[in-house]
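Convention: sequence-line order gives letters A, B, ...; per-chain numbering from 1.
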2 protein chains.
Amino acid sequence: MITIKDIAEMANVSRSTVSRVLNDSGYVSEEARKRVESVVKETGYAPSEYAKSLRTKKTKVIGVILPTIQTETPSRIVTGLGRELSKHGYQILLANTDHDKVKELEYLDLLKVRQVDGIVLIATNTDAKLMKKIKEINIPLVMIGQEAEDVMHVTYDDYRAVRELTRLFIQKGHEKIAFIGVDESDRAVGYYRKKGFLDEMAAQGLSVEQAWVQKAIFDIASGHEAMEKILKNTNKPTATIAVTDRLAIGAMSYLKEKGMKIPTDMAIAGIGASEMSQYMEPPLTTVDYQNEKAGEEGAKQILASIESRPLQEKIVMDYRLIIRESV
Amino acid sequence: MITIKDIAEMANVSRSTVSRVLNDSGYVSEEARKRVESVVKETGYAPSEYAKSLRTKKTKVIGVILPTIQTETPSRIVTGLGRELSKHGYQILLANTDHDKVKELEYLDLLKVRQVDGIVLIATNTDAKLMKKIKEINIPLVMIGQEAEDVMHVTYDDYRAVRELTRLFIQKGHEKIAFIGVDESDRAVGYYRKKGFLDEMAAQGLSVEQAWVQKAIFDIASGHEAMEKILKNTNKPTATIAVTDRLAIGAMSYLKEKGMKIPTDMAIAGIGASEMSQYMEPPLTTVDYQNEKAGEEGAKQILASIESRPLQEKIVMDYRLIIRESV
DNA sequence: GAACAATGTGGAATCGATTCCACAATTGAT
DNA sequence: ATCAATTGTGGAATCGATTCCACATTGTTC
């Protein structure tokens with residue numbers, strides 16, 4: 001493997017001079033510069049990031065912690081992150097927790113040990129242990145998907161999006177609306193989406209029966225079960241908001257099993273603009289959150305943080321409703 | 001940041017002794033060992049991988065090159081890779097090409113510069129330039145999804161799977177079977193799946209009209225278009241095999257637009273066991289390739305290659321047909 | 001012409017680890 | 001008692017880069 005020593009010998013200069021050329025720092029004569037550049041070009045030489053890092057304490061690596069790579073939100077965010085980061089010569093070190101909170105904490109430690117320049121955490125919660133660990137590791141960090149004080153973050157306007165979805169149903173004449181959510185420890189998906197729903201219903205003077213509000217987990221099967229529970233009630237709703245497309249799709253599959261027609265017997269909407277939502281029958285109304293752009297914004301934030309450039313701590317992504325035939 | 005120097009001072013030994021304890025190499029007295037371990041534990045010290053790498057030429061990082069992270073095959077493979085690699089203290093450096101072949105070559109160079117210990121390439125082709133570059137960079141490399149001489153690889157038995165799918169259709173009475181493929185430069189998905197189809201049809205003495213064999217790209221919309229072209233023919237098939245679930249789903253959406261019933265008017269199957277396939281109407285018959293396990297096998301192969309342990313060059317994953325109501 | 005600043009360069013020190021060499025002490029064999 | 005092997009340890013060299021210091025030359029200002 002070619003090193004700076006070889007380049008120096010081939011260009012008839014010292015290693016310092018080669019370094020000055022590569023880094024464009026300090027005085028170098030035009031003649032020496034040309035010889036070095038020529039040798040670098042013909043050999044394809046690239047300095048060792050490891051050796052550089054030892055000296056500069058920079059690694060040009062961003063650690064990305066995510067709950068899973070297999071669903072659309074994280075995978076789109078990572079795509080956006082990668083796109084922006086590679087423009088600046090950064091690489092992504094992947095840390096997949098498989099929805100395991102303990103692993104999340106372990107990965108924060110591991111990425112510190114790995115001396116990543118920054119961390120992007122695609123977060124599912126903001127519990128006290130996590131926030132403590134984030135403070136403790138003291139590495140530039142951006143959180144995507146959850147709001148957190150004193151941590152740069154990119155969020156979606158969950159509250160407003162669900163209020164608007166709820167209004168859409170009400171405008172279509174629905175007064176009995178059900179809600180399929182997840183645990184409120186997920187502040188964004190679990191808490192704010194539910195609050196958006198309840199606040200809009202209250203604002204419109206509409207009551208919500210307790211049984212119409214179900215708590216599921218992030219998979220299709222639990223959406224199915226949640227709809228089953230909702231329909232056990234004698235006072236049945238005519239519309240349902242699910243906090244993810246998967247939950248909506250699970251709910252839809254239950255309705256179809258029962259021979260109920262969407263939207264005639266039950267209107268339904270999800271959140272996430274999954275590819276699947278488009279091809280359901282009927283196609284599912286959903287909220288598109290521009291996850292790739294969120295990734296890009298998160299990349300810009302982490303790079304600003306690494307370079308100690310001022311950038312706003314909080315970015316809220318816009319969204320758009322995609323109104324399809326399920327409502 | 002604590003270094004080995006600090007640990008040595010705190011434990012009253014030299015840095016060499018600390019290194020001997022950490023690496024379990026060479027003589028160390030029991031008393032000295034205990035003092036070092038105690039200091040390491042109380043400080044949470046972990047050596048710098050960058051400094052280690054400079055000396056040992058190992059980075060404990062595997063570069064993973066993939067065409068996209070947003071579809072199920074690559075994301076499941078990466079999940080399996082990550083699971084196995086993290087057991088051995090390795091991390092994944094992500095290199096997302098966005099289906100750009102030039103980027104694939106660039107990333108091979110970049111990962112060489114980054115001194116990853118090995119590369120896993122989730123491959124969409126095996127063209128000459130790529131094979132040349134792989135040989136040139138001379139880093140342990142495993143290819144997943146394509147077959148290649150002199151390169152360790154994990155593949156799926158595309159040929160046999162499609163032959164079996166074709167037999168299934170024939171056993172159900174279909175004689176006029178269409179095929180929606182992709183470009184044959186993708187040897188696995190494009191060439192071998194098509195060959196499996198054509199060989200089985202020939203073996204069963206069944207002819208295939210040229211217009212029944214369409215070439216699409218890897219998205220739902222082109223499956224839609226391919227089915228449209230197939231049905232322009234006056235001699236219409238009664239079944240269609242698509243080489244991916246997405247293409248099958250696209251084809252289904254065209255059939256539904258035309259008011260045709262699945263499987264009554266057209267039976268259809270895809271490959272990939274996407275989550276979507278389960279929730280289509282009717283649920284799509286598909287082939288499940290165990291992508292996560294392929295990732296785990298690929299991880300084992302790359303680790304064996306890094307450690308110069310003998311392991312078979314070629315692993316072919318098993319598959320299973322998931323027969324649903326679309327046939 | 002002298003003093004100071006700018007230009008250009010090479011080599012040592014440094015980053016944080018591993019590894020090897022040299023040395024000392026202990027133990028075992030003769 | 002002597003010699004060889006084993007045990008245990010510290011410090012220098014090394015990995016490949018960056019950075020700073022020292023030195024030499026050239027140009028500018030007074």
(request) Go along nucleotides 9-20 of chain D 5' to 3' and tag each nucleotide: B for a protein heavy atom under 4.0 Å from its base, S when only backbone or sugar atoms are that close, - otherwise. (result) BBBB-BBBBBBB
(request) Give a yes or no on whether a salt bridge exists between A/K87 and A/E84, defined as a side-chain N under 4.0 angstrom from a carboxylate O. (result) yes
(request) For the residue pair B/D158 and B/Y191, confirm or rule out a side-chain donor-acceptor distance under 3.5 Å. (result) no
(message) I'd like to check A/E72 versus A/Y289 (side-chain heavy atoms, cut-off strictly below 4.5 Å). Are they in contact?
(response) no
(message) Taking B/K133 first and then B/E136, would you say they form a salt bridge - that is, a charged N and a carboxylate O separated by under 4.0 Å?
(response) yes
(message) Quick one: does any side-chain atom of B/N125 pair with a main-chain N or O of B/D127 as donor and acceptor, under 3.5 Å?
(response) yes
(message) Donor-acceptor pair, distance only, cut-off 3.5 Å: does the side chain of B/D117 make one with the backbone of B/I62?
(response) no
(request) Please list residues of residues 106-114 of chain B whose heavy atoms come under 4.0 Å from any atom in DNA chain C, ordered by number; otherwise none. (result) none
(request) Using a strict 4.0 Å threshold on nitrogen-to-oxygen distance, state whether B/K293 and B/E296 make a salt bridge. (result) no
